[in-house]
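Shown next, in structure tokens, is the structure this report addresses.
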Amino acid sequence: MPELPEVETVRRGLQPAMEGSRIVKAEARRKDLRFPFQKDFIARLEGQTVTGLGRRAKYLMADLTSGDVLLMHLGMSGSFRVHKEEGDATQGQFHHPRSEDRAHDHVVFHMSSGAAVVFNDPRRFGYMKIIARNALEDEPLLKGLGPEPLGNEFDAAMLARACHNKKTSLKAALLDQRVVAGLGNIYVCEALFRAHLSPRRLAATLATGKAEPTNHSTHLVDAIHSVLNQAIKAGGSSISDHRLTNGDLGYFQHSFQVYDREGEPCRTRGCGGTVKRFTQNGRSTFWCPKCQK
DNA sequence: CCGCGGGCCTGAGAGC
DNA sequence: TGCTCTCAGGCCCGCG
């Protein structure tokens with residue numbers, strides 16, 4: 001589910017509840033999410049203060065005073081809510097507005113701020129892992145990640161270099177977290193539409209034979225920047241699971257130009273085409289064949 | 001090494 | 001109403 005804008009929205013929502021606060025009590029209500037929890041998962045969290053909450057690609061990273069980092073991934077259906085703790089945090093009581101949500105509340109952090117931070121994930125493709133900060137660069141989950149799409153290193157020349165030897169489609173290349181880290185199916189479709197580039201185009205056509213960027217690469221980087229920035233401003237896209245940490249909906253789904261719009265008219269002025277859908281690498285691609293070349 | 005397809009899970013929605 | 005089938009925002013793994 002969550003791509004970079006949704007994860008960034010969650011990060012900003014969790015920050016006031018977690019940053020500068022101590023984890024008074026932590027609960028893992030089952031033995032695993034996507035992977036089993038580490039044996040010492042709870043022990044390495046309780047008593048620690050969260051000194052900072054960051055994001056890398058689609059990972060949330062909480063820095064702890066112990067020198068550990070808590071790595072969190074939302075998978076397809078993971079979400080966080082912040083609830084107000086009722087009474088003593090060590091009692092593990094908090095007000096929960098909708099009881100049906102509770103079935104998949106798998107992890108709870110009771111914070112000294114008075115907040116209960118609850119991780120819910122029906123499909124359990126999400127996971128949490130604690131890593132020593134000085135071992136971060138060796139962490140397999142993070143090792144192959146490409147640049148942040150909103151960071152300084154990501155530009156037309158860099159994207160062209162990453163793509164010029166690729167033997168695959170532009171769509172698949174942008175979904176490859178080694179090329180650029182944080183895009184997913186929605187924002188790849190939307191960025192390609194905004195750049196007027198076909199998802200079927202070969203990734204290598206972003207570069208000349210000498211791996212110099214073409215105009216396509218420049219337009220695509222601009223489109224990625226603008227679609228991500230707009231989506232973050234809108235609180236992400238709420239299709240089914242994604243919510244702000246206070247339970248509100250994101251609203252970028254109302255700005256989709258192609259994603260989930262199969263059969264509907266293309267929104268490019270004067271195009272008159274129809275949004276089409278087909279499957280690429282096992283995922284749905286939405287696009288307008290008339291204005292994406 | 002690279003690219004692709006399968007699999008991991010649950011739930012929503014369509015069609016019968 | 002209820003069953004079956006398809007599909008879903010991600011990513012690891014094994015295969016060729």
Side-chain angles (χ1 to χ4, degrees), chain A residues 1-11 29-36 55-60 71-80 98 100-106 119-129 139-146 149 162-192 199-200 202-204 224 227-228 231-232 234-244 249-263 277-286:
Chain A
M1 121 187 172
E3 306 180 30
L4 187 151
E6 289 74 39
V7 178
E8 179 60 22
T9 298
V10 169
R11 189 189 72 81
R29 297 183 172 174
R30 44 178 302 132
K31 64 175 185 350
D32 60 1
L33 291 172
R34 178 166 181 164
F35 313 118
R55 180 190 57 73
R56 169 75 172 109
K58 300 173 194 172
Y59 291 92
L60 291 168
L71 204 61
M72 298 173 278
H73 197 289
L74 305 181
M76 285 283 262
S77 59
S79 64
F80 276 98
R98 287 212 313 273
E100 67 269 20
D101 283 347
R102 290 191 141 169
H104 301 292
D105 285 351
H106 302 311
F119 179 70
N120 180 287
D121 186 5
R123 294 179 72 180
R124 302 200 304 277
F125 288 170
Y127 46 91
M128 297 191 187
K129 184 176 180 185
E139 171 52 42
L141 292 167
L142 304 174
K143 210 155 193 180
L145 291 177
C163 287
H164 92 286
N165 268 335
K166 288 239 164 237
K167 303 256 178 295
T168 191
S169 67
L170 197 41
K171 166 85 187 299
L174 294 178
L175 278 179
D176 185 342
Q177 303 296 297
R178 295 169 299 184
V179 172
V180 55
L183 301 178
N185 207 29
I186 292 177
Y187 297 103
V188 168
C189 290
E190 293 295 319
L192 288 172
R200 298 192 206 262
L202 287 180
I224 289 168
V227 77
L228 292 181
I232 290 169
S237 303
S238 289
I239 293 178
S240 60
D241 299 283
H242 172 67
R243 294 284 190 285
L244 310 197
L249 295 168
Y251 55 89
F252 193 73
Q253 65 278 13
H254 303 304
S255 300
F256 289 171
Q257 302 296 299
V258 286
Y259 186 83
D260 206 21
R261 293 194 64 243
E262 182 183 17
R277 176 178 112 139
F278 69 107
T279 300
Q280 263 179 314
N281 303 89
R283 324 273 317 260
S284 282
T285 296
F286 298 89

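This structure is a prediction, so every number in the text was calculated from the model and none was measured. In what follows, chains carry the letters A, B, and so on, assigned in the order in which the sequence lines appear, proteins first and then strands, with residues in each chain numbered from 1.
Taking CZ of A/F252 as the reference point, atom CD1 of A/I186 lies at 9.0 Å (rounded to 0.5 Å). Here the SG atom belonging to A/C163 is positioned 10.5 Å from the CG atom belonging to A/L202, to the nearest 0.5 angstrom. For the atom pair A/L192 CG and A/L170 CG, the distance stands at 5.0 Å (nearest 0.5 Å). Expressed to the nearest 0.5 Å, how far CZ of A/R243 lies from OG of A/S238 amounts to 5.5 Å. Taken from OG1 in A/T285 to CD in A/Q280, the straight-line distance is 3.5 Å, to the nearest 0.5 Å. Summarising the geometry, atom CG belonging to A/L228 is positioned 8.5 Å from atom CD belonging to A/E3; distances are rounded to the nearest 0.5 Å.
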Distances for protein N or O near nucleotides 2-4 of chain C N or O, under 3.5 Å:
none

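Shown here are the salt bridge (Lys or Arg N to Asp or Glu O under 4.0 Å) partners of A/R124, two or more places apart in sequence or in another chain: there are none.
Between A/N185 atom CG and C/dC7 atom P the separation is 13 Å, expressed in whole Å. Protein atom CZ of A/R34 is 6 Å distant from nucleotide atom P of C/dC12, rounded to whole Å. Between the C1' atom of C/dG9 and the CG atom of A/L249 lies a distance of 15 Å, rounded to the nearest Å.
Look at A/Y259 and you'll find a side-chain N or O under 4.0 angstrom from OP1 or OP2 of C/dG9. For C/dC7, neither phosphate oxygen OP1 nor OP2 lies less than 4.0 angstrom from any side-chain nitrogen or oxygen of A/S284.
Under 3.5 Å, the side chain of A/S240 and the base of C/dG9 form at least one donor-acceptor pair of N or O atoms. In this model, no side-chain donor or acceptor of A/R283 finds a partner on the base of C/dA8 within 3.5 Å.
Residues from residues 167-179 of chain A placing a heavy atom under 4.0 Å of any atom in DNA chain B, listed by number, are A/K167, A/T168, A/R178.
Ring-plane geometry between A/F119 and A/F80 is classed as tilted, the angle between the planes lying from 30 to 60 degrees on a 0 to 90 degree scale.
Scanning DNA chain C for stems, defined as runs of 3 or more consecutive Watson-Crick or G-U wobble pairs whose donor-acceptor distances all fall under 3.5 Å, gives the following ranges: B:2-8 with C:10-16, B:10-16 with C:2-8.
In this structure, the side chain of A/D121 does not engage the main chain of A/H106 through any donor-acceptor pair within 3.5 Å. Under the 3.5 Å distance criterion, the side-chain polar atoms of A/K171 are left unmatched by any main-chain donor or acceptor of A/A203.
As judged by a 4.0 angstrom heavy-atom cut-off over every strand, A/G184 is placed among residues touching the sugar-phosphate backbone only.
Bounding nucleotides for the chain A contact on DNA chain B, 5' to 3', at a heavy-atom distance below 4.0 Å, are B/dC2 to B/dG11.
Between B/dC9 and C/dG14, the two P atoms lie 16 Å apart (nearest whole Å).
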Between A/F256 and A/C189, does the side-chain contact (heavy atoms from CB on, under 4.5 Å) criterion hold? Intermediate values first, please. CA-CA 9 Å; A/F256 289 171; A/C189 290; over 6 Å; no
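Comparing A/P140 and A/S237 against DNA chain C, the residue whose closest nucleotide sits nearer the 5' end is A/S237.
Between A/L142 and A/Y59, the closest side-chain pair of non-hydrogen atoms falls below 4.5 Å. A/D260 places none of its side-chain heavy atoms less than 4.5 Å from the side chain of A/Q253.
Residue pairs satisfying the salt bridge (charged side-chain N to carboxylate O under 4.0 Å, His left out) criterion with at least one member in residues 178-191 of chain A, sequence neighbours excluded, are listed as follows: A/D176-A/R178, A/E190-A/R194.
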